[in-house]
Protein chains: 2
Amino acid sequence: MSVNPAPRAYQIVLQAIEEDLRTEKLSVGDQLPGERALAEQHGISRASVRDAIRILDVMGIIKTSTGSGPNSGAVIVSNPSAGISQALRLHLAAKGINVREIVESRILLETWAAQMNPRDPIHAQQVIDRTAVLIMRMDDAQLSRESFHRIDAEFHVLLASMAGNSVVESMMESLRNSISDYVAVSIPDDEAWQPVVKVLRRQHKAIHHAFATGQRERAAQLLEEHITWFYSQTH
Amino acid sequence: MSVNPAPRAYQIVLQAIEEDLRTEKLSVGDQLPGERALAEQHGISRASVRDAIRILDVMGIIKTSTGSGPNSGAVIVSNPSAGISQALRLHLAAKGINVREIVESRILLETWAAQMNPRDPIHAQQVIDRTAVLIMRMDDAQLSRESFHRIDAEFHVLLASMAGNSVVESMMESLRNSISDYVAVSIPDDEAWQPVVKVLRRQHKAIHHAFATGQRERAAQLLEEHITWFYSQTH
DNA sequence: TCGCATAGTATGGTCAGACCACACCTGAAA
DNA sequence: TTTCAGGTGTGGTCTGACCATACTATGCGA
């Protein structure tokens with residue numbers, strides 16, 4: 001039985017970058033040193049540096065692009081939902097978690113966010129205005145189903161953002177992302193989809209109205225019914 | 001402006017494995033084909049295969065080890081909290097999220113889990129018995145602070161598991177993991193730690209008693225006070 | 001002097017091939 | 001039958017190379 005967890009070479013770089021982030025020697029918008037430079041700095045190969053870079057990439061810490069100049073290479077971004085989405089998605093595929101748990105969690109987070117006293121009333125009002133626009137766009141009969149789902153997701157994430165908790169917001173978005181494929185295949189034909197979308201539009205408007213008139217308890221209740229109803233259609 | 005997201009070679013393998021997981025051609029305990037075999041199967045280099053393997057590794061889908069035989073190579077496991085923890089931890093370092101949001105989320109998840117009607121009463125009773133053991137172990141005056149934190153974390157995760165939602169359980173564990181370093185440095189000296197640990201022990205016992213006597217509302221309230229109080233000590 | 005095409009340069013993405021330490025498997029020797 | 005030395009396949013790491021890309025600098029022509 002080996003006690004040594006065999007330290008990986010890429011962790012040298014990973015820990016160094018994490019420390020630089022913590023001490024704000026690196027922050028959003030900054031460029032990371034090139035892979036070849038990092039390899040030389042830490043005395044490891046470029047291949048191992050790339051392992052660390054890849055992890056930061058899928059976790060949504062950086063984005064990478066080729067070429068030279070200020071916008072090339074590895075740039076710090078901040079997209080917390082990217083990594084969480086990927087993790088949930090893979091574990092959903094691996095049967096480590098199931099759809100029931102994801103839906104349950106989504107209801108938990110969204111109803112909590114709805115009932116929270118907004119941390120920033122100005123932002124809350126902006127959310128109400130912007131969601132109104134999204135509702136109008138979802139009324140477009142020409143809208144493709146794919147576009148509808150995208151705007152629908154934006155609608156829910158925006159509402160959740162009112163609570164002013166980016167962890168909850170990211171988890172919400174991740175839960176939504178992780179089952180988007182599942183939703184897409186469960187109602188395959190357009191004929192079954194048309195009546196569903198009509199109900200969704202009505203529900204969205206009711207939810208928005210509750211928010212706009214400050215009925216947060218009612219908004220939470222409508223959200224729960226909305227989510228529960230939608231997933232009952234996908235079985 | 002490039003419209004092509006430039007498909008990465010490693011995604012070929014990643015998608016293939018995800019599909020095999022979804023269709024249960026691969027499940028927990030199975031061995032993945034060797035890296036050299038995967039490279040040849042998909043017509044890409046071993047380096048690109050390793051990118052995919054590395055992602056599955058940090059996401060907690062597989063564990064890798066050297067050597068040959070049935071327990072070597074890449075084996076499917078299921079550790080959803082690994083990937084989420086890593087993501088939260090990095091984004092906490094990158095200032096994409098902050099401690100307040102994590103604590104708030106933790107309270108949300110734990111109080112929800114406490115108030116849920118347990119899906120499995122037998123498991124719930126086992127949790128109550130096992131947490132009693134953990135409480136006794138935390139009473140040991142000789143216990144190192146590190147060990148205390150580990151058992152403490154186990155205590156909370158176990159209670160959250162009563163709700164029977166592995167997404168919530170994983171997120172709980174991840175939130176706890178992501179700030180463990182932060183906690184460790186915020187109360188550095190043992191003299192400040194001793195009075196804190198006394199209060200924690202008392203709170204744990206009260207929480208356990210509330211669970212054991214079926215007072216779930218009260219347990220949730222005590223949990224919220226417990227978490228809030230503890231983090232108020234770390235400022 | 002100004003404008004613009006062109007060569008130069010640095011970037012990440014990919015590949016090929018090599019060597020290592022490790023864990024197991026096999027078969028010969030005791 | 002037991003023991004142990006070699007064989008074999010695994011992931012981990014390294015080196016060095018080539019590619020497409022995107023910015024930068026050069027220098028030519030007007």
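Every chain is numbered from 1, with letters handed out A, B, ... down the list of sequences.
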> Which residue pairs satisfy the side-chain hydrogen bond (donor to acceptor under 3.5 Å, both in side chains) criterion with at least one member in residues 27-42 of chain A, sequence neighbours excluded?
Replying inline: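 Listed by first then second residue: A/Glu35-A/Arg46, A/Glu35-A/Arg50.
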>> Filter on salt bridge (Lys or Arg N to Asp or Glu O under 4.0 Å), then keep only pairs touching residues 53-65 of chain B, sequence neighbours left out; what's left?
In response: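 Only A/Arg8-B/Asp57, A/Asp51-B/Arg54 qualify under salt bridge (Lys or Arg N to Asp or Glu O under 4.0 Å).
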>> Show every salt bridge (Lys or Arg N to Asp or Glu O under 4.0 Å) that has at least one partner inside residues 71-95 of chain A, sequence neighbours left out.
In response: A/Arg89-A/Asp181, A/Arg89-B/Glu18
>> For a quick check, with a 4.0 angstrom heavy-atom cut-off, what is the B/S/- contact string for nucleotides 5-15 of chain D, read 5' to 3'?
In response: ----BBBBBBB
>> I need the CD-C1' distance between A/Gln31 and D/dC23, as an integer number of Å.
In response: 11 Å
> How long is the line joining CD of B/Gln11 and C1' of C/dG13, in whole Å?
Replying inline: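 Atom CD in B/Gln11 sits about 13 Å away from atom C1' in C/dG13.
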> For B/Phe155, what residues pass the ring pair (Phe, Tyr, Trp, His ring centres under 6.0 Å) criterion, not counting sequence neighbours?
Replying inline: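 For B/Phe155, the residues satisfying ring pair (Phe, Tyr, Trp, His ring centres under 6.0 Å) (neighbours in sequence not counted) are B/His204.
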> With A/Thr111, which residues qualify under side chain to side chain donor-acceptor pair (under 3.5 Å), at least two apart?
Replying inline: none
